[in-house]
Number of protein chains: 2
Amino acid sequence: MTLRPERPATIRQVAERVGTSIATVSYVLNGKDRAMRKELREAVWTAARDLGYVGNAAARALKGMQRGLIAVLVPQFGNNFFTRICVEVEAVMRDAGSVVITGNSDEDPAQERSILERLIAQQIDGCIIAPALSRPENLELLARHGVPTVILERSIGADIPSTDFVGHDNFGAGLLATRQLIAAGHRRIAYAGWNSPIANIHDRIEGYRAALAEVDVVPDPAWVLIDDLTLAGGRQVGERLAGLDVTALVIGHHHELAKGILGELGRQGRRWPEDLSIVLIGTPEWRDLVRPSLACIERPEGEMGRRAAELLLKKVETPAHVAPALLLANTFLPGGSIAPPRVP
Amino acid sequence: MTLRPERPATIRQVAERVGTSIATVSYVLNGKDRAMRKELREAVWTAARDLGYVGNAAARALKGMQRGLIAVLVPQFGNNFFTRICVEVEAVMRDAGSVVITGNSDEDPAQERSILERLIAQQIDGCIIAPALSRPENLELLARHGVPTVILERSIGADIPSTDFVGHDNFGAGLLATRQLIAAGHRRIAYAGWNSPIANIHDRIEGYRAALAEVDVVPDPAWVLIDDLTLAGGRQVGERLAGLDVTALVIGHHHELAKGILGELGRQGRRWPEDLSIVLIGTPEWRDLVRPSLACIERPEGEMGRRAAELLLKKVETPAHVAPALLLANTFLPGGSIAPPRVP
DNA sequence: GCAAAATATGTAAACGTTTACAATGCGAAT
DNA sequence: ATTCGCATTGTAAACGTTTACATATTTTGC
C-alpha cells in the first residue's frame, strides 16, 4: 500500500507515460468518438488507472464546461422537511454525475446572500433555493450571474424571469386538514401557524377558511393563532389556545412550533383526542411515537426534491427552459388524534 | 432592475473599465500590499462593484490556491446526530470563507467511493468523513490524493497516517447509561445495539459491561440484543426483549432502532418506566414529546462538528499537522423513563 | 506506383487567475 | 545633466483542461 501525498496526476503525466499527446488522452478519457488504434486507447486507460488519474474539475470549468456542482440552499437545516428534499436532490444529482453543495441560510437573508456569493464564485452549474424570508435581491443575484435556478416551496413576491418553482399545495394542505376535522363532526376549529413574511405560507389559512366555509362556518378571528416558528412560539400558542372555545386544532407546521404546542398541552394536562382533536401539516420524525399517534398531512418531500432536481438539470442543459410552477399534492395520514367532539 | 444573464464579469473586464492591467486589479481585489495610488485602488473597487465582479474560484484553484471548498461525508443523512454536526461544520466553514459540500453515503461503501471520486475531482481543500462501514480503501483514496482529512465518529481498522480523528466517548456513553439504571436499583439490564461492522461502536457494550462489573454483575449473553439499525431491527429487538427477565434497558442508538423498539413496546402494552426503565444513547428530536420523557445520553454533536472543522482548517493550512485522537465526553439528560425496579 | 481518401495523431489557443519580474516615471543626490 | 532609488504599473508565464485545426500515416482505387 503506497500512499502518495504528491500532487494529483495530470492529463500530461498520463500522456507522457503512454508516450502520446495530451489531446489523445483527453479524447479517450472523455469517450469522444475519435478514430484511434485500439491498443492506444487501452494504453491510455491503464496508464490513467495506474496513476490514479482523476480529472481536474476546476480546469474543466475554466474551459466553460459544466462544473458538476449543484447547490441546494435551505432556510432550516434541522427541519426534516428540507432534509428529506435534500436527500432526494442529492440522489438525482449523484445519478447525473454531479455533486451537491448544501447551504443553510438559517432564515437570515444576509447569511443567505453571503452563501450565494460564495456559491457563484464556485461556478456552480445551478441552484435550488428555498428563500429565506422575502428577499428578491438575493434571487436577482443568481439571475444576474446567469445561474439556472429553481425556487423551492416558498414563493417570493418578485417575478424573476426564467426561474421555475416547485412547491406543494399549501391551500390544499389547509383544506385537507380542516376537512378531516369537519368530517369527524367538529365545527369550532382553531388554526396555529407561523407569522411568516412568506406569502404562500398563508395559503394554508385560506384552505382552512375554505373548508369551514363549505359547512357555512366563519371562523372567529381569535381562532387563528399566529406566532414565531419556534418552541417558545408554540408554547405561546398553547397558552392562548387554553382560552378558546374550540374542539379541534390544525397545526400548520410540524417542526418546532408543533413541539411547543404539544408540550404546552401536556403541561396543561390536556389530552388528544379527548380534549382536542388535532391534525398536523407536515410529518415529524416522532409522528407515531406520541400516543395516540397524530393525524398528519404529508407533503411530498421526495417528489419535490426529485422534480426540482430534474427541472434544474433540464435548465442547466437548456438555460432558456422554463416550466410552469409545479404544485404537488399532499396526502392525509390518519392517526389517533381525531375523535368526534364531546357533547357538552 | 437590469438582469444580465451574460457570462459573469472577469478580472479583465474590470481592468478595461478602469483602464489598467489585470495584475493591478488582482492585487487590489486580493488586498495584497502593493504600493499604489489611492485613487486607482478605489477606482478598481468601484468598477468591480459596478460590474458585479465575483472571482472565479475555478481559475484560482487552477493556480494551486485554496479552493474554498470543504466536504462533509456522512453515512446517514436523516440521522439528526449527523445533521447537527453538519450544521456546526457549516457554521465554522462559513466564518472561514469556505463552502461545504455535504455528501450522503447511505452506509454504502460503493456509493461512498463514487462520491469521494467526484469530490477529489472537484479539488476540495479538505474532507470530514464519517466512514460508511469499514472500508479503509476509501480513506486511502483521499490520502493518495493528498486531501487533508478528519475522520469523524467512526474508527476504522487501518492506520492512515496524517489523518485525525474526532469522535465521542462510546465506552463512556455505555458506562454512563448503565450506571444511571444501576443507581436506580436495577441489576438485570439489557442492552440493545446495532450489529455494526464498525469497531468502536461496540465500545458502548464494553462500557455497559464495565458498569455492571462495578456491582459484580455479569450480564447474561442473551441480554445483549444486537440487530439491524432499522425500524424492523428495533421491532425484532422488542420482540426478543419480551422473553427476557430484565427490568431495564439501555438502547444504544437513538434513531430508527430506538423508534422500532419503543413502537414494539407500545404494541406489547409495556409502559416505561413501570414495566421497563430505559436510557437512550443519543438525543432524538422527540425526546420530550413521548410521555414520560426519555432519559438520554447526549453526545456533544456541536462540539464534535466544531472541533472537526477547526482541525481540518488547521490541516489545510499545515498539511503535516496531526493531532491526537479526540474523544469528547457525553452528558446525561435525566428523564421520566427511569424508576426503581418493581419488587416481584 | 501514385493520387486521393480515409484514418490516426499531434499542436496550440483559450478559459480566468496569481505573481515573479520587468518597465516606467519622477524627484533627489551627485 | 547624469545617475540612483523609489514608487507605481505593466508583461507574461503558469495552472490543467478541451477542441478546432493541422499534420502524418495508412489504405484504397486506378
Side-chain angles (χ1 to χ4, degrees), chain A residues 6-45 47-48 51-69 118 120-125 145-146, chain B residues 6-45 47-48 51-69 118 120-125 145-146:
Chain A
E6 310 121 36
R7 309 200 62 179
T10 72
I11 204 175
R12 177 159 286 113
Q13 291 170 37
V14 176
E16 272 168 16
R17 179 176 252 248
V18 178
T20 182
S21 72
I22 58 170
T24 302
V25 175
S26 174
Y27 281 118
V28 172
L29 264 30
N30 291 315
K32 299 270 159 126
D33 60 337
R34 181 188 230 222
M36 198 175 317
R37 268 168 38 235
K38 199 133 206 161
E39 62 260 37
L40 215 202
R41 193 180 290 275
E42 274 157 16
V44 168
W45 274 115
L51 289 168
Y53 172 79
V54 177
N56 183 325
R60 250 181 225 132
L62 205 51
K63 285 294 295 180
M65 317 289 305
Q66 272 181 39
R67 188 93 181 53
L69 249 194
R118 277 206 268 281
I120 289 168
Q122 295 291 342
Q123 311 290 113
I124 50 170
D125 295 332
H145 284 86
Chain B
E6 311 121 36
R7 308 200 64 178
T10 72
I11 204 175
R12 176 158 287 114
Q13 291 170 36
V14 176
E16 270 169 16
R17 179 176 253 248
V18 178
T20 182
S21 72
I22 59 170
T24 302
V25 174
S26 174
Y27 282 117
V28 172
L29 263 30
N30 289 315
K32 300 271 157 126
D33 60 337
R34 180 189 230 220
M36 199 176 311
R37 270 167 35 236
K38 197 129 205 163
E39 61 260 38
L40 216 202
R41 194 181 290 276
E42 274 157 15
V44 168
W45 274 114
L51 289 170
Y53 172 79
V54 177
N56 182 326
R60 252 183 221 130
L62 205 51
K63 286 293 295 180
M65 318 288 306
Q66 271 181 38
R67 188 91 182 54
L69 249 193
R118 277 206 269 280
I120 290 168
Q122 294 292 340
Q123 311 292 110
I124 50 171
D125 296 332
H145 284 86

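Order of the sequence lines fixes the chain letters, A, B, ..., with proteins taken first and strands second; residue numbering starts at 1 for each chain.
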Taking only the side-chain nitrogens and oxygens of Y27(B), find out if one of them lies under 4.0 Å from OP1 or OP2 of dA20(C). no

In whole angstroms, the gap separating P of dT19(C) from CD of Q66(B) amounts to 12 Å

Between CZ of R12(B) and P of dA14(C) the distance, given in whole Å, is 10 Å

For dT8(D), does either OP1 or OP2 sit under 4.0 Å from a side-chain N or O belonging to R34(B)? no

The residue among V25(B), V18(B), V28(B) that forms side-chain contact (heavy atoms from CB on, under 4.5 Å) with L40(B) is V18(B)

To the side chain of K63(A), which of dG10(D), dT7(C), dT18(D) is closest? dT18(D)

Between G68(B) and Q122(A), what is the shortest heavy-atom contact and its length? O-NE2, 3.3 Å

Just N and O in the side chain of T10(A): are any of them under 4.0 Å from OP1 or OP2 of dG16(D)? no

In whole angstrom, what separates L40(A)'s CG from dA24(D)'s P? 18 Å

Less than 4.5 Å apart, side chain to side chain, heavy atoms only: is that true for L29(B) and W45(B)? yes

Between Y53(A) and T10(A), which heavy-atom pair has the shortest distance, and what is it? CE1-C, 3.6 Å

Given that N56(B) and T24(B) both sit by DNA chain C, which one's nearest nucleotide is further toward the 5' end? N56(B)

Whole-Å distance between dA20(C) P and N30(B) CG? 13 Å

Spacing between Y53(B) atom OH and dG16(C) atom P, to the nearest angstrom: 10 Å

Judged by nearest nucleotide, the residue sitting upstream toward the 5' end of DNA chain C, R37(A) or I22(A), is R37(A)

Winner on side-chain proximity to A35(A), out of dA8(C), dT19(C), dA12(C), is dA8(C)

L51(A) has an atom CG; how far is it from atom C1' of dG16(D), in whole Å? 15 Å

Among dA20(C), dT18(C), dT19(D), find the nucleotide with the atom closest to the side chain of S26(A). dT19(D)

To the nearest angstrom, how far is R60(B) atom CZ from dA14(D) atom C1'? 17 Å

Correct closest heavy-atom pair for M36(B) and R41(B) would be CB-NH2, 3.7 Å

Between the two ends of the helix from dG1(C)-dC30(D) to dT30(C)-dA1(D), what is the bend in degrees, rounded to 10 degrees, where each end axis spans five pairs? 70°

Winner on side-chain proximity to A59(B), out of dT17(C), dT9(C), dG10(D), is dT17(C)

Here the pair of heavy atoms bringing H145(B) nearest to V54(A) is NE2-CG2, 3.6 Å

Just the rounded figure in Å: distance from C1' of dA12(C) to CD1 of I11(A). 14 Å

Report yes if at least one side-chain N or O of K32(A) is closer than 4.0 Å to OP1 or OP2 of dT19(D); otherwise report no. yes

Contact check, side chains of Q123(A) and N56(B), non-hydrogen atoms, under 4.5 Å: yes

For N30(A) and R60(A): C-alpha separation, side-chain torsions, deciding distance, then whether side chain to side chain contact (heavy atoms under 4.5 Å, CB included) applies. CA-CA 12 Å; N30(A) 291 315; R60(A) 250 181 225 132; 4.3 Å; yes

